[in-house]
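As structure tokens, the structure follows; a few thoughts come after it.
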Protein chains: 2
Amino acid sequence: MSTRREAVKQALNEASGFRSAQDLYADLRAEGSKIGLTTVYRALQALSDSGEVDVLRTDEGEAVYRACASDSHHHHLVCRGCGRAVEVEGPAVEKWAEAVGAKHGFTDVTHTVEVFGTCADCSARVN
Amino acid sequence: MSTRREAVKQALNEASGFRSAQDLYADLRAEGSKIGLTTVYRALQALSDSGEVDVLRTDEGEAVYRACASDSHHHHLVCRGCGRAVEVEGPAVEKWAEAVGAKHGFTDVTHTVEVFGTCADCSARVN
DNA sequence: GTCATTTTGACAATCGTTTTCGTTTTCGGC
DNA sequence: GCCGAAAACGAAAACGATTGTCAAAATGAC
């Protein structure tokens, strides 16, 4: 793994939640790195290919990334306000997805689940 | 609702699954309509604002739309091959999302759930 | 050090989507 | 049927995220 890629991964680790490629680029430039935007994208693609980071899409279609503690299957509870994310598991959901797929004759069933909310800190901040 | 908007809605109804704005534009042009791409986007935005159609993002970040039979909360089981979608419900998932949010102090919890698979027809076609 | 390979980054290109803006259509009153 | 205001349209330009190109720079093997 190259130095640049390490830098991107570390920037992701330091962030508490999901960040877009552009965010990370800005972060890295802000701390003095001379990295290019292209390289950030390449690094993120490589990291997500190797399963080291999770990717998801915002409603606006932007891809956002996060370094995940766990490498097993899990989902995220994401704060709408600050982007902070908690990894959660849901065996019930896994089973349900599998069952619902089978019931309709679908094979090779996968699923995406994201839970959004406002975290305690953020709702306190508003008041 | 204008004529153009009606046309877009009808095109969506005739399609069996999720279609992108560009797909629908192509469909409408193919059947002789002189509609513009801008209008298709506007119609889809209006339809999704009024809750008449469901929107989701593909992994590539493209927005896809579908006319929904039910106007209550539901999710989709989507075929990877042909895009055909089945509306499904999952009380268990709703409860789980709510519970997991509450457990971590999140309020105003929402969630997105999509299930993907290969439908019977499509897996037959491959063989 | 030298050559080959890989990585990098500035820049251009792409693609879905949105905005702009002048034109056309629709519609309520007359 | 005709008029003017308001809404809808569509072509083209603008946009923003992402990807492709390609020459320069870093790295590694010898």
Side-chain angles (χ1 to χ4, degrees), chain A residues 1-12 15 17-67 78 80 83 112 114, chain B residues 1-12 15 17-67 78 80 83 85 112 114 116:
Chain A
M1 175 142 58
S2 74
T3 311
R4 292 307 201 193
R5 193 158 301 173
E6 290 277 18
V8 171
K9 189 171 186 188
Q10 191 188 334
L12 252 191
F18 282 92
R19 314 235 36 169
S20 72
Q22 314 267 352
D23 287 344
L24 287 167
Y25 173 64
D27 291 351
L28 287 162
R29 299 292 288 207
E31 50 183 66
S33 169
K34 291 283 182 289
I35 198 170
L37 183 52
T38 310
T39 306
V40 175
Y41 274 104
R42 269 191 295 242
L44 288 171
Q45 197 146 45
L47 288 168
S48 78
D49 283 352
S50 73
E52 292 175 76
V53 306
D54 272 9
V55 198
L56 62 88
R57 295 259 170 193
T58 65
D59 285 346
E60 294 80 42
E62 200 179 14
V64 289
Y65 303 83
R66 181 169 193 274
V78 186
R80 247 188 299 274
T112 68
E114 303 298 335
Chain B
M1 176 142 57
S2 74
T3 312
R4 293 307 202 193
R5 192 159 302 171
E6 290 276 16
V8 171
K9 190 172 185 186
Q10 190 187 334
L12 252 190
F18 281 92
R19 315 232 44 174
S20 71
Q22 316 265 352
D23 288 344
L24 286 167
Y25 173 64
D27 292 350
L28 287 162
R29 300 292 286 207
E31 49 183 64
S33 169
K34 293 281 183 290
I35 198 171
L37 183 53
T38 309
T39 306
V40 175
Y41 275 105
R42 268 192 293 243
L44 288 171
Q45 198 146 45
L47 288 169
S48 78
D49 282 353
S50 73
E52 293 175 74
V53 306
D54 271 8
V55 198
L56 62 88
R57 296 260 169 191
T58 65
D59 284 347
E60 294 80 43
E62 201 179 13
V64 290
Y65 303 83
R66 180 168 193 273
V78 186
R80 248 189 299 273
T112 69
E114 304 297 335
F116 300 94

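Source: prediction; values computed, not measured. A, B, ... follow the sequence lines: proteins, then strands. Residue 1 opens every chain. Scope of the values below: all heavy atoms of this structure, side chains included, with no hydrogens, waters or symmetry mates.
Rounded to whole Å, atom P of C:dG16 lies 20 Å from atom CG of A:Asp59. Counting to the nearest Å, the P atom of D:dG16 and the CD atom of B:Glu60 are 23 Å from each other. Atom-to-atom, CD1 of B:Ile35 to C1' of D:dG10 comes out at 10 Å; the value is rounded to the nearest Å. Nucleotide D:dA11 holds its P atom 10 Å from the CG atom of B:Leu37, rounded to whole Å. As a whole-Å value, the separation of B:Arg57 CZ from C:dC15 C1' is 13 Å. The nearest whole Å value for the distance from the CZ atom in B:Arg5 to the C1' atom in C:dT26 is 14 Å. Rounded to an integer number of Å, the gap from A:Leu28 CG to C:dG9 P is 10 Å. The CG atom of B:Asp23 sits 15 Å away from the P atom of C:dC15 (whole-angstrom rounding).
Applying the 4.0 Å criterion to OP1 and OP2 of D:dT19, one finds that A:Tyr41 has every side-chain N and O outside that range. Side-chain nitrogen and oxygen atoms of A:Arg42 include none within less than 4.0 Å of the OP1 or OP2 phosphate oxygen of D:dG20. Using a 4.0 Å cut-off, some side-chain N or O of B:Gln45 falls inside it from OP1 or OP2 of C:dT18.
The side chain of A:Thr39 lies closest to C:dT8, out of C:dT8, D:dA17, C:dT20. The side chain of A:Arg4 sits closest to C:dT8 out of C:dT17, D:dC9, C:dT8. Closest to the A:Thr38 side chain, of the nucleotides D:dG20, D:dT18, C:dT17, is D:dG20.
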**Request:** Apply side chain to side chain donor-acceptor pair (under 3.5 Å) to A:Glu52 and A:Ser50, showing your working.
**Result:** CA-CA 6 Å; A:Glu52 292 175 76; A:Ser50 73; 2.7 Å; yes
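No side-chain heavy atom of B:Leu47 sits under 4.5 Å from any side-chain heavy atom of B:Tyr65.
A donor-acceptor distance shorter than 3.5 angstrom exists from the side chain of A:Arg29 to the backbone of A:Ile35, with no hydrogens or angles considered. With A:Arg57 contributing its side chain and B:Arg57 its backbone, the two residues share no donor-acceptor pair below 3.5 Å. Of the possible donor and acceptor atoms, none in the side chain of A:Arg4 sits under 3.5 Å from a partner among the backbone N and O of A:Val40.
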